[in-house]
Engineer: 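Let me begin by handing over the structure; questions about it come next.
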Amino acid sequence: MAEVIGPRLYCCCNCKNQVALHDDIVSKAFQGKHGRAFLFSHAMNVLTGPKEDRHLMTGLHTVADIYCSDCREVLGWKYERAFEETQKYKEGKFILEKSKIVKDNW
């Protein structure tokens, strides 16, 4: 009998709470505060902090830090608004820092 295999997931590095699906990765070519980061179309089991304007590598954005809903570890941020027209595709998407997530079910 074949083993049932579920979706590949990313979890919080601290408590292993599931925070994103591998299939929701938009890009792996992003930079976070602590190194490489992935852009996801969706995230789950995260809390969103207050919105603030930040000057990032690609210009001014309104972002909100995202936290693991279980342990409150800062995992990255959510793009709320992009001021540059070429960056609008990021709006509503999530940055998860590679150093803050671990693979699960791979």
Side-chain angles (χ1 to χ4, degrees):
M1 189 164 156
E3 186 178 330
V4 177
I5 299 173
R8 294 187 296 171
L9 301 163
Y10 287 96
C11 299
C12 171
C13 67
N14 192 46
C15 71
K16 308 303 184 269
N17 185 22
Q18 298 174 348
V19 294
L21 296 170
H22 175 75
D23 289 347
D24 288 338
I25 290 178
V26 175
S27 175
K28 293 183 178 182
F30 276 74
Q31 190 70 24
K33 290 180 185 176
H34 304 94
R36 285 190 52 210
F38 300 157
L39 182 68
F40 286 83
S41 59
H42 301 92
M44 57 190 171
N45 300 320
V46 296
L47 303 171
T48 306
K51 297 177 187 177
E52 62 180 64
D53 289 345
R54 285 190 200 153
H55 290 279
L56 303 174
M57 291 172 63
T58 55
L60 182 63
H61 296 79
T62 302
V63 299
D65 285 339
I66 55 172
Y67 305 84
C68 172
S69 62
D70 281 354
C71 72
R72 306 299 194 258
E73 178 81 18
V74 177
L75 302 174
W77 63 84
K78 179 179 181 183
Y79 285 103
E80 298 288 351
R81 181 176 177 207
F83 290 86
E84 308 263 344
E85 195 61 39
T86 60
Q87 302 301 308
K88 293 284 188 187
Y89 74 96
K90 297 176 185 174
E91 291 181 342
K93 293 181 176 62
F94 299 84
I95 286 289
L96 292 173
E97 300 211 37
K98 189 176 178 194
S99 66
K100 301 288 188 160
I101 56 175
V102 293
K103 295 177 180 178
D104 185 37
N105 202 31
W106 290 57

Engineer: Any non-hydrogen side-chain atom of W77 less than 4.5 Å from a side-chain atom of R54?
Structural biologist: yes

Engineer: Does NZ belonging to K16 count more than 12 external heavy atoms closer than 6.0 Å?
Structural biologist: yes

Engineer: Heavy atoms only: give me the nearest C71-C68 pair and the separation to one decimal.
Structural biologist: N-SG, 3.6 Å

Engineer: To the nearest 0.5 Å, tell me how far I101 CD1 sits from L9 CG.
Structural biologist: 11.0 Å

Engineer: How many angstroms lie between CZ in R72 and OH in Y67, if you round to the nearest 0.5 Å?
Structural biologist: 10.5 Å

Engineer: Which residues pass the side chain to side chain donor-acceptor pair (under 3.5 Å) test with S99, not counting sequence neighbours?
Structural biologist: none

Engineer: For the pair H61 (side chain) and G59 (backbone), establish whether a donor and an acceptor sit closer than 3.5 Å, ignoring hydrogens and angles.
Structural biologist: yes

Engineer: With sequence neighbours excluded, tell me which residues meet salt bridge (Lys or Arg N to Asp or Glu O under 4.0 Å) with R36.
Structural biologist: none

Engineer: Any heavy-atom pair between the side chains of N105 and H22 that's under 4.5 Å?
Structural biologist: no

Engineer: Would a 4.5 Å heavy-atom cut-off, applied to side chains only, mark E80 and T48 as touching?
Structural biologist: yes

Engineer: Taking all atoms of both residues into account, what is the closest heavy-atom pair of S41 and V26, and its distance?
Structural biologist: N-CG2, 3.7 Å

Engineer: Are the side chains of I95 and V63 in contact, using a 4.5 Å heavy-atom criterion?
Structural biologist: no

Engineer: Determine the interplanar angle of the Y10 and F38 rings, folded into 0 to 90°, and report it as parallel if under 30°, tilted if 30 to 60°, perpendicular if over 60°.
Structural biologist: perpendicular

Engineer: Given the rule in the side-chain contact (heavy atoms from CB on, under 4.5 Å) test, do E73 and N17 qualify, once you have shown the distances and angles that lead to the verdict?
Structural biologist: CA-CA 11 Å; E73 178 81 18; N17 185 22; over 6 Å; no

Engineer: Around atom NZ of K98, are there more than 12 heavy atoms from other residues, nucleotides or ligands closer than 6.0 Å?
Structural biologist: no

Engineer: Output, in order, the C-alpha distance, side-chain angles, deciding distance and verdict of side-chain contact (heavy atoms from CB on, under 4.5 Å) for I66 and V19.
Structural biologist: CA-CA 10 Å; I66 55 172; V19 294; over 6 Å; no

Engineer: Can you tell me how far the CG atom of D23 sits from the CZ atom of F40, to the nearest 0.5 Å?
Structural biologist: 10.5 Å

Engineer: Distance-only, no hydrogens or angles: does the N45 side chain make a donor-acceptor pair with backbone N or O of Q18 under 3.5 Å?
Structural biologist: yes

Engineer: Check whether any side-chain N or O of K100 sits under 3.5 Å from a backbone N or O of L96 as a donor-acceptor pair, and report yes or no.
Structural biologist: no

Engineer: Can you tell me how far the CD atom of Q87 sits from the CG atom of L60, to the nearest 0.5 Å?
Structural biologist: 11.0 Å

Engineer: How long is the span from the CG atom in D65 to the CG atom in L75, to the nearest 0.5 Å?
Structural biologist: 10.0 Å

Engineer: Determine, stepwise, if the pair E97 / K33 fulfils salt bridge (charged side-chain N to carboxylate O under 4.0 Å, His left out).
Structural biologist: CA-CA 8 Å; E97 300 211 37; K33 290 180 185 176; over 6 Å; no

Engineer: Mind checking the NZ-CZ spacing from K90 to F30? Nearest 0.5 Å is all I need.
Structural biologist: 4.5 Å

